[in-house]
K.L.:
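Before anything else, here's the structure in question.
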Amino acid sequence: MLSTLNFPGAKLLVDLVVLIAVCSCMNSGLYTASRMLYSLGKRGNAPASSATVSNGGVPRVAVLGSTLAGFIACIANYAFPGEVFAFLISTTGAIALIVYLVIAVSQLRMRTAMEKQGITPDFKMWLFPWLTWLSILMIVSVLGYMFYLPQYRYESLMTLMVTFMVLCVGVYITGKRRKQAAYPAGRLAKDKIQVVRH
């Protein structure tokens, strides 16, 4: 439109606007990813180094790790043109449903455990637990319907693959924590010494 109107430098102006928008989006994504990695490191769900901060309070390791992941994604996009972007777009909708499903299941388990312990929640949810069960049933039905339809089958399969990877990592971290709780560092070292002596 601007070129048709003979607006001087129209292409350059549009390119600058797009570049600024993309850089703003990238900066927002980098901030979110680095803080998420930092939060996971603080909880023990990521390498401990990601929870370290500089003197100015900046999680440098998390920022550098997120930046490195971004560069790897860019390289992969150039190596496999269109496939990486298609994969990300394909998994977005179904992953959102998986996230809500996990939230509903977590809420159901936590509220049930709180009631067994005699803890009164600050907020009383309407029709609990039937409304939560209904939400879970509806989400599972939508996911099953997406898997049934041919046009959404690829998206569903990619989502199942990502979910399976996350579950494997979660099972590994949970098992590691239970093992550390059962065998503290001192006790484990003592057991090793006894085994060596025998």
Side-chain angles (χ1 to χ4, degrees), residues 11-107 110 139 142-143 146-147 151-185 188-189:
K11 185 178 183 306
L12 177 61
L13 180 62
V14 173
D15 288 344
L16 287 175
V17 171
V18 172
L19 178 63
I20 292 173
V22 170
C23 289
S24 176
C25 182
M26 181 190 68
N27 186 51
S28 174
L30 180 60
Y31 178 86
T32 304
S34 61
R35 267 51 183 187
M36 179 63 70
L37 182 57
Y38 169 76
S39 177
L40 291 173
K42 292 285 287 184
R43 298 175 185 175
N45 295 325
S49 58
S50 61
T52 59
V53 296
S54 64
N55 294 331
V58 178
R60 289 182 179 176
V61 176
V63 172
L64 291 175
S66 302
T67 305
L68 179 62
F71 276 116
I72 293 174
C74 289
I75 294 172
N77 187 51
Y78 278 108
F80 307 98
E83 295 185 16
V84 176
F85 184 74
F87 171 77
L88 294 175
I89 293 299
S90 297
T91 58
T92 301
I95 282 182
L97 291 175
I98 293 292
V99 170
Y100 283 115
L101 178 62
V102 171
I103 292 174
V105 173
S106 301
Q107 190 257 359
M110 292 180 65
I139 294 173
V142 171
L143 290 173
M146 290 176 64
F147 185 79
Q151 59 266 36
Y152 294 111
R153 191 163 297 157
Y154 175 77
E155 177 179 350
S156 302
L157 289 174
M158 292 298 101
T159 302
L160 286 176
M161 184 181 72
V162 174
T163 305
F164 179 74
M165 292 171 58
V166 173
L167 286 175
C168 288
V169 173
V171 169
Y172 171 76
I173 293 176
T174 303
K176 187 177 180 180
R177 285 181 176 175
R178 288 179 178 175
K179 190 174 181 180
Q180 289 177 348
Y183 293 95
L188 188 60

K.L.:
Under the side chain to side chain contact (heavy atoms under 4.5 Å, CB included) test, which residues partner V142, sequence neighbours left out?
P.N.:
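L97, M146.
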K.L.:
Please set out all donor-acceptor pairs under 3.5 angstrom arising from side-chain atoms of residues 36-44, sequence neighbours excluded.
P.N.:
none

K.L.:
What are the two closest non-hydrogen atoms of S66 and A33, and how far apart are they?
P.N.:
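It is OG-C, 3.4 Å.
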K.L.:
Does T163 reach the side chain of M158, with side-chain heavy atoms less than 4.5 Å apart?
P.N.:
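Heavy-atom side-chain distance check fails, nothing below 4.5 Å.
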K.L.:
Just verifying a value: how many Å separate L160 CG and I95 CD1, rounded to the nearest 0.5 Å?
P.N.:
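That separation rounds to 10.0 Å.
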K.L.:
Which atom pairs, donor and acceptor, lie under 3.5 Å between side-chain atoms of residues 51-61 and protein residues at least two apart or in another chain?
P.N.:
from	atom 1	to	atom 2	distance (Å)
T52	OG1	S49	O	2.6
S54	OG	G56	N	3.4
S54	OG	V58	N	3.2
S54	OG	V58	O	3.3

K.L.:
Output side-chain donor-acceptor pairs under 3.5 Å for residues 14-30, partner residues at least two apart or in another chain, one line each.
P.N.:
from	atom 1	to	atom 2	distance (Å)
D15	OD2	K11	NZ	3.0

K.L.:
Output a table of donor-acceptor pairs, distance under 3.5 Å, between side-chain atoms of residues 70-80 and any protein atom two or more places apart or on a different chain; print 'none' if there are none.
P.N.:
none

K.L.:
Using the test side chain to side chain contact (heavy atoms under 4.5 Å, CB included), find all partners of L64 that sit at least two apart in sequence or belong to another chain.
P.N.:
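Listed in chain order: nothing, the list is empty.
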